[in-house]
Every structure is written in structure tokens, then in C-alpha cells.
Amino acid sequence: MDNNEILRRLSELKEEKNAVILAHNYARAEVQDAADLVGDSFTLSQAAVDLDADVIVFAGVHFMAESAYILSPQKTILLPDADAGCPMADMVSAEALCEAKKKYPNAAVVCYVNSSAAVKAESDVCCTSANAKEVISAIEEDEILFVPDKNLGHYVSTLTDKKVHLWDGFCPIHQQITAHDVLAAKSRHPDAVFLAHPECRPEVLKFADGIFSTAGIIKYAAASSDAEFLIGTEQEMMHKLKKDSPEKSFYPVSKYAYCANMKMAALPSILNALETETTKITVPEEIRVKAKKSLDRMLEAVPK
Ligand code: 13P
Ligand code: SF4
């Protein structure tokens, strides 16, 4: 089946099943173009609640589909490839978190949305890269245990007076972007504005002119009067950046910043997911209810 035929069939099935396709900004370009909504983790979580759909196909990774189910269990949430995980999310388990909570009994646990439902269930509140600052400010406690991303946690610690304990987790894709990559890119493009994702190392963020979530980077670049940008995040971001601002130039700081898990949803696997309603993502009810509290607190801390 060619892509046009897949797109035609997808649109029939979406109508028939009252389904939508949500895609992350790191999804394949052709998947983004076929999606009903493309966004960052926060936008996609909110859409899972707000959209009047019976079925959501998630062109992203497991924790995103899981969050959609936690927030909207009455909807059928489909992940085209059940193996599309997030290595950073796997760097903290509920058991290890429970042990750490004993060490820091007075700390509020803030978990990045890139985490399992079981970890969310053991946390006080979730955050995304788009709202971490607001979430931290809304917390009463002066001490925070931040899991699993040490880079986002470190960045957040620079925005607050609270004491932030960091977990030793990271995104392998962002972690391999080095300060040397940034300096080399800056010497090639001395006039470019450097926009970075907070999952990057602190020594990379030190050089950034703007630090935003994926949607924040796209919004900033589209509104900016500058013409050239260095982009410190996953390379598929170039698609939307160029689409929104074809007259501007965008250069990835690292050509190796590629998340294979985010590419697992391809047009044929999305069609298969919708046709066969696989793989359905669910969470045991006891964990879902507790995890939902953490996600709800995040959504409340950041009014629409
Ligand atoms: P955001 O799109 O929320 O910035 O997240 C980036 C990311 O790495 C998602 O896995
Ligand atoms: Fe996980 Fe990093 Fe891939 Fe995002 S880009 S899904 S944080 S591995």
C-alpha cells in the first residue's frame, strides 16, 4: 500500500471509529503531517483529556500513551508499537523511588512526565519540560526530590530557592549533545540563536539563548525576528521548524540526536493499530487513580 492509500484508509477509519492521531514533535515527518495534533508532552496530555474522541492513536512513546489512559480511561488508547519506550523513563522504578523517599522524608516528589505510571503513582506531582517551573513554584514544601531527569532537575534548581535532590537519570539522546558540539556549531554559524531543550546537560544549557520544551522552541523560533537558529534537541524538530518558518535557517547542534523509539510509529503501523485496535495501553486501576492525582495536580498548577 502506498502512503496515499494509507492516508485515505486512515481518514475512513478515523471517521468510523471517532479516532484521532496525536503525534509528538519527534515523530516522523510524514506521521506529523498525517496527525490531527502535533505537540510537546504537555499539549498532548491536555489533548487526551480535552478531545472528544473515542480512540486515540499515539505516535509517541509508551509513557505518553499511558498518561493519556491515566487521564482518560474511557478512551481506547493505542500505541502502534508496544516496544516504543523511553530509556530515561526506565531509569527510575517505583521500588527505587520508595527507597529514596525514606532518605528524604520531607521532600515533595516531582516526577517528570517521562516516567512510568507506577512512578507517577508514588509521586506528589508531575511536570513536563513546559511547566516544570510553575509546578515547582506551586509546591508548598521547600525540599524536592526530582525524578528521573537530572538535567531538567538541575535546570529547575536554578529557577527556585528550594532544595532539589536529583535522580541520576537522563535522556541518552540529549545527553550525548556536548558543549564541544555547541561551540563547533556556533563557530560555523556565529549569528545563530541557540535554542535548547532542558534535557540537555547543564554545560550545554549554559550557552543557550533560550531553554524551552519542544513546543516552546517551535513557538519561539516562529515568533522571533532572527533568521538563523541552532537547535539543541532531537533532529525531527527541524520538520515543524522549517514548515512554520521556511524563510529561516535551522541547524541541529548534533546530527546524532535521533530518538529511534519516537520513530517506531510509522504510517503502516499506525494504520495497523487503528484497524486492529492494537496495542491497547491500560494501567491497573489502583495505580491509575494514584498516578492521576499527580497528573491532575500538574494540570491544576498550570491553568489553561
Ligand atoms: P517535550 O516535547 O515535552 O519538550 O519533551 C521532550 C521529550 O523528550 C519527550 O520525550
Ligand atoms: Fe525518552 Fe529522550 Fe526519546 Fe524523549 S527523546 S522519548 S526522553 S529517549
Side-chain angles (χ1 to χ4, degrees), residues 22-28 31-32 35 37-48 58-68 71 79-92 110-116 119-120 126-135 146-153 155-156 167-177 195-201 204-205 208 210-221 231-241 252-265 281 295 298-299 302:
L22 302 188
H24 187 264
N25 288 316
Y26 300 158
R28 291 165 183 270
V31 168
Q32 294 188 30
L37 181 72
V38 185
D40 64 2
S41 309
F42 182 63
T43 311
L44 298 178
S45 301
Q46 240 176 2
F58 237 103
V61 291
H62 191 269
F63 76 80
M64 296 179 173
E66 216 177 39
S67 297
L71 291 165
L79 189 65
D81 190 321
D83 290 335
C86 168
M88 166 155 60
D90 295 338
M91 290 180 192
V92 57
V110 179
C111 91
Y112 191 23
V113 74
N114 299 37
S115 54
S116 67
V119 165
K120 290 182 175 77
C126 292
C127 74
T128 72
S129 56
N131 60 31
K133 188 180 169 198
E134 288 83 350
V135 166
F146 192 95
V147 299
D149 187 3
K150 64 178 173 186
N151 291 335
L152 177 62
Y155 172 60
V156 162
W167 197 263
D168 192 18
F170 55 87
C171 163
I173 316 307
H174 289 84
Q175 188 73 359
Q176 58 79 40
I177 301 176
L195 304 179
H197 194 279
E199 286 177 20
C200 291
R201 294 164 180 267
V204 166
L205 295 182
I211 300 171
F212 305 109
S213 76
T214 56
I217 290 174
I218 290 165
K219 194 170 157 198
Y220 183 96
I231 303 298
T233 188
E234 211 270 349
Q235 56 175 260
E236 206 81 38
M237 282 279 288
M238 302 304 142
H239 178 63
K240 183 93 168 70
L241 287 164
V253 161
S254 165
K255 60 180 181 195
Y256 302 112
Y258 177 87
C259 181
N261 286 289
M262 283 286 189
K263 314 304 174 202
M264 287 189 180
I281 301 301
L295 282 167
M298 169 184 86
L299 296 172
V302 188

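Below, all heavy atoms of this structure are taken into account, side chains as well, without hydrogens, waters or symmetry copies. When a ligand or atom number is given, it counts from 1 through the structure's own listing order.
Ligand 2 has no atom lying under 4.0 Å from any heavy atom of H24. Using a 4.0 angstrom heavy-atom cutoff, M262 counts as in contact with ligand 1. Within the structure, ligand 1 has Y26 among the residues with a heavy atom less than 4.0 angstrom away. Taking a 4.0 Å cut-off on heavy atoms, H24 registers as neighbouring ligand 1. Contact between S129 and ligand 1 is present, with at least one heavy atom of the residue lying under 4.0 Å from the ligand.
E199 contributes atom CD, which lies 13.0 Å from atom CD1 of I211 (distance to the nearest 0.5 angstrom). Atom CD of E234 and atom CE of M262 lie 7.5 Å apart (nearest 0.5 Å). Rounding to the nearest 0.5 Å places NE2 of H197 at 7.5 Å from CG of L152. Atom CZ in F63 sits 13.0 Å away from atom CD1 in I281 (nearest 0.5 Å).
Donor-acceptor pairing under 3.5 Å is lacking for the side chains of N25 and E236. Side chains of D40 and T214: no donor on one and acceptor on the other come within 3.5 Å.
Distances below 4.0 Å separate heavy atoms of N114 from the following atoms of ligand 2: 7 (S). Contact atoms of ligand 1 toward E199: 6 (C), 7 (C), 8 (O) (distance under 4.0 Å to a heavy atom of the residue).
Looking only at protein N/O/S atoms, the ones less than 2.8 Å from atom 3 (Fe) of ligand 2 make 1 in total.
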Decide yes or no on side-chain contact (heavy atoms from CB on, under 4.5 Å) for T233 and I173, but give the supporting numbers first.
CA-CA 8 Å; T233 188; I173 316 307; over 6 Å; no
As a quick check of understanding, evaluate side-chain contact (heavy atoms from CB on, under 4.5 Å) for Y258 and K263, giving each step before the final call.
CA-CA 9 Å; Y258 177 87; K263 314 304 174 202; 3.2 Å; yes
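Checked by atom type and distance alone, the side chain of N131 pairs as donor or acceptor with a backbone atom of T128 at under 3.5 Å. Checking side-chain atoms of K120 against main-chain N and O of S115 turns up a donor-acceptor pair under 3.5 Å. W167 contributes a side-chain N or O that, together with a main-chain N or O of M91, makes up a donor-acceptor pair within less than 3.5 Å.
For H197, every heavy-atom contact with ligand 1 shorter than 4.0 Å involves the side chain, none the backbone. Residue contacts with ligand 1 for T128 are absent, since no atom lies close enough (heavy atoms, distance under 4.0 Å).
Looking at every heavy atom in both residues, N261 comes nearest to D83 through OD1-O, 3.6 Å.
Considering both main-chain and side-chain atoms, S213 never comes within under 3.5 Å of ligand 1 through any nitrogen or oxygen pair. In terms of N/O distances under 3.5 Å, ligand 1 is not approached by N25.
In terms of protein heavy atoms, atom 3 (O) of ligand 1 is closest to S41 OG, 2.8 Å. Of the protein's non-hydrogen atoms, the one nearest atom 10 (O) of ligand 1 is N114 ND2, 3.3 Å.
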